[in-house]
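Everything on this sheet refers to the single structure shown next.
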Amino acid sequence: MEWSWTGVLYHPGWVVSTVILGLVVRMQRKGSWNPRACPVDLTGKTAIVTGANTGIGKFIALDLAHRKARVILACRSQERGQAALEEIRRKSHNSNVHLQLVDTSSLRSVRDFAHRINQEEKRLDILVNNAGASGLPKAMTSEGLELSFATNHLGPFLLTNLLLDLMKRSAPARIVNVSSANHWRGVVDFSHFHGENLTYRLDSVYNHTKLHNILCTNELARRLQGTGVTANSLHPGIVMTEVMRYYNWLIRALFNIVGFFFMKSSMEGAVSSIYCAVSEDVEGITGKYFDSDCSLVLPAPLARDPALARKDWEVCERLTRLSGGKDR
């Protein structure tokens, strides 16, 4: 009898065992911390979640709304943001959920958004910088910044800084920056901010931005010591979200097929962000990096370099100050 791999792959036993393995893996994906078992009530608190119209961000916002917080969905699209707003209000039975438009790739948009928040809101207790994208095309913004770096890092960096005074007045308050384990494959080259010396291969640019997220979070935590405002970064896990919407259809299809068995859903991927935003376990903890199972872990060696973090902060501060005029 002639033996072939094709025969093995199509054998009923192989198919059944593969499906069982996949289901077992799916059951193992969830972390040990369960948001539903956390009794924290956020009545009287205000939270902002960027990228809250879809994926992880929407589930973070939904959880905070369930906890009776005033939740501001910071979204780029009016139409998609409005749809998320109505869904979250309906599911949470919380009418104190609001939509504000912001495009983190535009520093002007970020400044306008922050100005509105500072004018209209009396407090800000939780800021979740979740918005981001992988596989963005090679492009420069009108402000002279590389598109991925503006979207994933410089926009959120500026937003956080413009809201710091409000958060200090609301202390204790928490800043949660969604990074990625992909930062291990990132490098720091400040010419990247201007689109130089970059290779646009799969997620390479995204990886660099996620490394910057952690570095600046650590430096921010150092600068905020004694203010009552904490800042932490995290890895949400490998999640089935729209973060890869800019890749071609074949890569997205393969990602979705593999993802069904081995990747987290958006709801599961939101858990580590919710943990950092509300859990009493994290009270007073700052400048740390959390894994997708909500455990404290060490980021890559580059991300733990305090001198590099300080330099990164100074460069980002200069870029966001010079791009688009003075902060309001």
Side-chain angles (χ1 to χ4, degrees), residues 29-38 40 42 45-67 69-75 84 88 91-92 97 104 124-134 152-153 155-157 159-160 163 167 172-183 206 209-210 213-214 216-218 220-221 229-243 263-283 285-297 299:
R29 294 183 317 194
K30 297 182 180 179
S32 57
W33 188 77
N34 182 2
R36 293 180 180 178
C38 175
V40 170
L42 297 176
K45 306 289 187 181
T46 298
I48 293 176
V49 182
T50 67
N53 62 281
T54 188
I56 293 173
K58 185 164 71 173
F59 282 102
I60 297 169
L62 178 60
D63 180 272
L64 301 179
H66 272 302
R67 298 177 192 277
R70 173 179 172 84
V71 182
I72 298 170
L73 314 181
C75 305
I88 292 170
K91 290 183 176 179
S92 67
V97 181
T104 58
L124 179 57
D125 305 271
I126 299 169
L127 171 62
V128 182
N129 285 308
N130 162 76
S134 179
N152 296 348
H153 182 65
F157 174 90
L159 176 62
T160 302
L163 297 177
M167 298 196 77
R174 300 185 187 188
I175 298 166
V176 180
N177 291 329
V178 180
S179 181
S180 170
N182 285 30
H183 80 273
Y206 174 80
T209 66
K210 296 292 106 177
N213 288 166
I214 300 175
C216 285
T217 301
N218 295 347
L220 175 61
V229 182
T230 61
N232 293 295
S233 56
L234 61 92
H235 170 50
I238 304 176
V239 186
M240 294 277 291
T241 69
E242 294 185 17
V243 71
M263 297 177 190
K264 293 188 175 188
S265 66
S266 293
M267 181 184 296
E268 293 164 346
V271 169
S272 54
S273 296
I274 298 168
Y275 178 76
C276 289
V278 307
S279 175
E280 293 175 341
D281 298 344
V282 190
E283 187 174 348
I285 294 177
T286 191
K288 303 301 182 183
Y289 174 72
F290 291 81
D291 205 352
S292 59
D293 64 355
C294 304
S295 61
L296 267 173
V297 294

Non-hydrogen atoms of A231 and A221 that approach each other most closely: O-CB, 3.9 Å

To the nearest 0.5 Å, atom CD of E268 lies from atom CG of D293 at 13.0 Å

Whether T209 side chain and H153 backbone form a donor-acceptor pair below 3.5 Å: no

Nearest heavy-atom approach of A277 to I126 is O-CD1, 3.6 Å

Under the side-chain contact (heavy atoms from CB on, under 4.5 Å) criterion, do K210 and I214 qualify, and how do the steps go? CA-CA 7 Å; K210 296 292 106 177; I214 300 175; over 6 Å; no

Set of residues satisfying side-chain contact (heavy atoms from CB on, under 4.5 Å) with respect to V297, sequence neighbours excluded: Y289, D291, S295

To the nearest 0.5 Å, tell me how far L64 CG sits from S273 OG. 10.0 Å

Nearest-0.5 Å distance, NZ of residue K91 to CZ of residue F59: 6.0 Å

When every non-hydrogen atom of W33 is compared with those of C294, the smallest separation belongs to CB-SG, 4.0 Å

Tell me, do L163 and I48 make a side-chain contact under 4.5 Å, heavy atoms counted? yes

Contact between V282 and N232 at the side-chain level, heavy atoms closer than 4.5 Å - yes or no? yes

Any side-chain heavy atom of E283 sitting closer than 4.5 Å to one from R174? yes

Which pair of heavy atoms, one from S272 and one from L234, lies closest together, and at what distance? OG-CD1, 3.4 Å

Taking all non-hydrogen atoms of both residues, which atom of S233 and which atom of T217 are closest, and how far apart? N-CG2, 3.8 Å

With a 4.5 Å cut-off on side-chain heavy atoms, are C38 and V278 touching? yes

For A65 and I88, which heavy atoms make the closest approach, and how far apart are they? CB-CG2, 3.7 Å

Point-to-point distance, once rounded to the nearest 0.5 Å, from CG of L73 to CG of N53: 8.5 Å

Any D125 side-chain heavy atom under 4.5 Å of L42 side chain: no

V40 side chain reached by K45 side chain, heavy atoms, under 4.5 Å: no

Looking at CD1 of I285 and CZ of F290, how far apart are the two atoms once the value is rounded to the nearest 0.5 Å? 5.0 Å

Residue pair P35 / V271, side-chain heavy-atom distance below 4.5 Å: yes

Name the one of V176, V128, N177 that satisfies side chain to side chain contact (heavy atoms under 4.5 Å, CB included) with C276? V176

Measuring from atom OG of S179 to atom CG of N130, what distance do you get when rounded to the nearest 0.5 angstrom? 12.0 Å

